[in-house]
Structures are given as C-alpha cells and as structure tokens.
Amino acid sequence: MRIEKNYDLSGMNTFRMKVSCACFVEYESVEELAALPWDSLPKPIKHIGGGSNLLFTGDFPGTILHSAIKHIKYVDMGLDEVPVIVGAGVCWDALVEELCGYGLWGAENLSLIPGEAGAAAVQNIGAYGVEFKDIVSGVSCYDMIEHRKCKFTVQECRYGYRESMFKEADGRYIITSVLLRLSRSKGPNLSYKGLEGIDASSPQKVREAVIAIRRTKLPDPAELGSAGSFFKNPVVSALDFARIVDAAPGVTVPHYILKGGFIKVPAAWLIDQCGFKGEREGGAAVYDKQPLVIVNESGEAAPQDILELEHRIIAGVRQRFGVSLSPEVEHII
Ligand code: EPU
C-alpha cells in the first residue's frame, strides 16, 4: 500500500492536467482497502482508474484512491464460456490483448480503449458495436457506506449507454474485480459500420483491425493528452431529429434508430457541422480527425481551456441544432 501527501496527478490523468491532490492512496488487495484509516483520510474521497475519462478542473482537496489489484484468473479454460476474474486495477487493453492471445471471443472490439477494468465496469465502455455489459456477468465491490464487500449481477448493474448503477451511486461502491465470460466459439461481431470486410478469422485478427481503425481516428494517448470522446452521442426524439434535418439542408444526417423510436445522432457530426474542428482555446483544441475529442494540444493546456471549448461546443450545437450535448468525461472539482 502507498499513501502519499500532496501528490502530483499529472501522470494519473490522460488529459495531462497539472493538478495535485492532498492525499493519494494506492492499494493492492481488498483487505488493504478495507483496512485504510478512513476517518483520517482528507475528504472528499474519490476513486479513479486509469484517469482516461476524467477532467480534473483544479487541485483536488481530498484523497484520490487507486486500485493496484492486478490479478487475472481463468476459472476454467476447459469450458466453452470461460469465466475470467479480473482485478479492477488491470490495464484494460493489456487484458484484451491477453484474452485475444488465448483465442477467446468477446472483448476484441474493445481493443485499445485506455483505462482499467474497474473503470470499464463503471462506465460501461463501448466501441464497434460491443459494450462491457455484453461480456460481464458479475461485479465485486467494496461498499464505502457499510464498509463491507458486496457483489452485483449484471442486471443489478443496470447498464445503459455509458451508464450504470455505479455512476448513480456516486462513489458508494468501489469496484474490486469483475467476472467476465469469454467464448471459445462465439465468433466475431462485425455489425458496426466500418468493420465489414476485415479479416475476422480470429479474435487477434479482429483486434488488429480495430486497433488500425482507432489509430486513424483517435489521438495516441502517448503523444497527445485527451480523454477520448468528450461528449456522448445524443439520443433524440423523432421530432427533434426532424429539426436537425431542417437545420442541415441538402446534407444527409447520419443516425441510428434505437428501440422505442428514439434516434442516436453522432455528436462528432453535429460538432463537425458547426465548424468546430481544429477550434482552439489556450493549449487545448478540438481534434481535427475526430471532433468528439478535445486534446491537450500544447501539453500545457489548463482545465479552464478545456472547459471553455466544452461550453463553446455545447452552445454552438444547441444554437444550430437545438440539441444539448452532455459530456461523457467526468468532471472532478
Ligand atoms: N463524424 C463526422 N466527422 C468526423 C468524424 C465522425 O461527421 O470528423 C461522424 C460520421 O458520421 C461517423 C460518425 O460521426 O460515421 C460516428 O463516428 P465513429 O464511428 O468514429 O464513432 P463515434 O460515435 O464518434 C463512438 C464512441 C467511441 C468509439 C466509437 C467506435 C461515444 C461517445 N463514442 O464514437 O468511444 O470508439 O464509437 O465505436 O459513444 C470513447 O468513449 O472515449 C470513445 C472513443
């Protein structure tokens, strides 16, 4: 276990904001987590994962917790559906690489997503037609109110598009491990536009194709700080969609029809149409290959630069299309 005072968080957030916290705690087991001196830790207490989906808007006055529970246990490799228990601190993409290497289907479309397994379960990460909820069957947690271990089934997690019960519970449950189910025989999911025609002969081949696509669209976190998609794709009613169509005469509006007649419109398209690609504020910029992403272009961007771009984009899209974008990135104040 590691407990540090006045800890520099610049290496703990992929936006690379130069912020610090009063106290930083990293633990390696559920037992270490349970034994923390809870009463004496500076408040508030906030748990983070790989810091790849958050924006620190300034120095954090309390305690940042981070999991270093890093086991990957294959419960029974002989089954067709292989149960795998994964510690919350495992790097998500290292896990996907290992699963694909064993020829297990299910996680390959979620390749190259930054972050850790615990955060994947909070956020219900998704890409290329697959979401975390499709491969998880249970989540183990530590309850911060009752100070005891607890478990949830996938139904109890109430997963939706980048949503879960854990987000609603607002930090009550610290995820300690997840139980995934990967398949030896399922085969690929190529439903997402853009995956047609790839070599899908093995999970590893699909992984390679997904990585190649992501590299053309998304910034490499090693080169350019960002938090991936900054906004969620809005889901609108048929009436609101008609308004969007009217506001873009002569242009085909990309969209996906969902259950219940609702329509998902790519936020990237709305932002692009408003001319925000390449827009700058201080050291921050709207990424020119995927305008859903805000990047720390100079490496010196301040949180306020990113917030300013966020507000400008929300106001611009609302004015032109009548749609209110919501950030996907969590703001930590
Ligand atoms: N588009 C434009 N201009 C652009 C780029 C895209 O108009 O410059 C439009 C196009 O119509 C394109 C559409 O946006 O067809 C969708 O783009 P893309 O397939 O890249 O996906 P996305 O909806 O923008 C979502 C996820 C990504 C995930 C991709 C692939 C959200 C908020 N984002 O992006 O997730 O990788 O699909 O499945 O749902 C993340 O969450 O951090 C993330 C990167």
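For clarity, every value in this text was computed on a predicted model and none was experimentally measured. Every number for a ligand or one of its atoms is a count from 1 in the order of the listing.
With ligand atoms numbered from 1 in the order given, ligand 1 contributes 8 (O) to contacts under 4.0 Å with heavy atoms of K277. Using a 4.0 Å cut-off to heavy atoms of P254, the atoms of ligand 1 that qualify are 11 (O). Annotation for ligand 1: atoms under 4.0 Å from non-hydrogen atoms of G228 are 42 (O). Every atom of ligand 1 is numbered from 1 in the order shown, and the set under 4.0 Å from a heavy atom of K289 is 8 (O). Annotation for ligand 1: atoms under 4.0 Å from non-hydrogen atoms of K217 are 18 (P), 19 (O), 20 (O). Near D272, meaning under 4.0 Å from one of its heavy atoms, ligand 1 places the atoms 2 (C), 3 (N), 4 (C), 7 (O), 8 (O). Annotation for ligand 1: atoms under 4.0 Å from non-hydrogen atoms of A127 are 36 (O), 38 (O). Near Y161, the atoms of ligand 1 lying under 4.0 angstrom from a non-hydrogen atom of the residue are 31 (C), 32 (C), 39 (O).
Ring centers of F152 and Y173: under 6.0 Å apart, within the cut-off. Side-chain rings of Y74 and Y102 approach one another, their centers coming within less than 6.0 Å. In this structure, Y142 has its ring center closer than 6.0 angstrom to the ring center of H147.
Contacts between F231 and ligand 1, counted as non-hydrogen atom pairs separated by less than 4.0 Å, involve the backbone only.
Among all non-hydrogen protein atoms, the one lying nearest atom 21 (O) of ligand 1 is Y192 OH, 3.2 Å. Protein heavy atom in closest approach to atom 7 (O) of ligand 1: W269 CA, 3.2 Å. Looking from atom 6 (C) of ligand 1 to the surrounding protein, the closest heavy atom is A268 CB, 3.6 Å. In this structure, atom 34 (O) of ligand 1 lies nearest to the protein heavy atom L292 CD2, 4.0 Å. Considering only non-hydrogen protein atoms, atom 13 (C) of ligand 1 sits nearest to P266 CB, 3.5 Å. Protein heavy atom closest to atom 4 (C) of ligand 1, with residue, atom name and distance, is P291 CD, 3.5 Å. Atom 23 (O) of ligand 1 has as its closest protein heavy atom N233 ND2, 2.8 Å. At the top of the distance list for atom 38 (O) of ligand 1, counting protein heavy atoms only, stands Y128 N, 2.6 Å.
Residues meeting the salt bridge (Lys or Arg N to Asp or Glu O under 4.0 Å) test with E4, sequence neighbours left out: R2. In this view, H71 and I69, K73, I85, S177 satisfy the side-chain contact (heavy atoms from CB on, under 4.5 Å) rule, not counting sequence neighbours.
At least one heavy atom of R162 lies less than 4.0 angstrom from ligand 1.
Minimum interatomic distance between E281 and D305 (heavy atoms only, all atoms of both residues): O-CB, 3.3 Å. In terms of heavy atoms, F231 sits closest to L292 at O-CD1, 3.5 Å.
The existence of a salt bridge linking E146 and R172 is confirmed by a sub-4.0 Å separation between a basic side-chain nitrogen and an acidic carboxylate oxygen. Using a cutoff of 4.0 Å between basic side-chain nitrogens and carboxylate oxygens, K46 and D170 are not scored as salt-bridged.
A donor-acceptor pair is defined here as one N or O able to donate and one able to accept, closer than 3.5 Å; no such pair exists between the side chain of D59 and the backbone of C21.
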Inset, instruction - Evaluate the side chain to side chain donor-acceptor pair (under 3.5 Å) criterion for residues E330 and Q123: first the C-alpha distance (whole Å), next the side-chain angles of each, then the deciding distance (0.1 Å), finally the verdict. - result: CA-CA 10 Å; E330 184 185 358; Q123 170 73 357; over 6 Å; no
Inset, instruction - Show your working on side chain to side chain donor-acceptor pair (under 3.5 Å) between S137 and R181 and close with a plain yes or no. - result: CA-CA 7 Å; S137 64; R181 285 189 196 276; 3.1 Å; yes
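In this structure, of P114, S226, S229, G115, the residue bringing a heavy atom nearest to atom 44 (C) of ligand 1 is S229. Of the options K193, E328, R214, the smallest heavy-atom separation from atom 15 (O) of ligand 1 is shown by K193.
Cation-pi contact between K5 and F24: absent, since separation from the ring centre below 6.0 Å together with deviation from the ring axis within 45° is not met.
In this structure, atom 31 (C) of ligand 1 has protein heavy atoms in its sub-4.0 angstrom surroundings.
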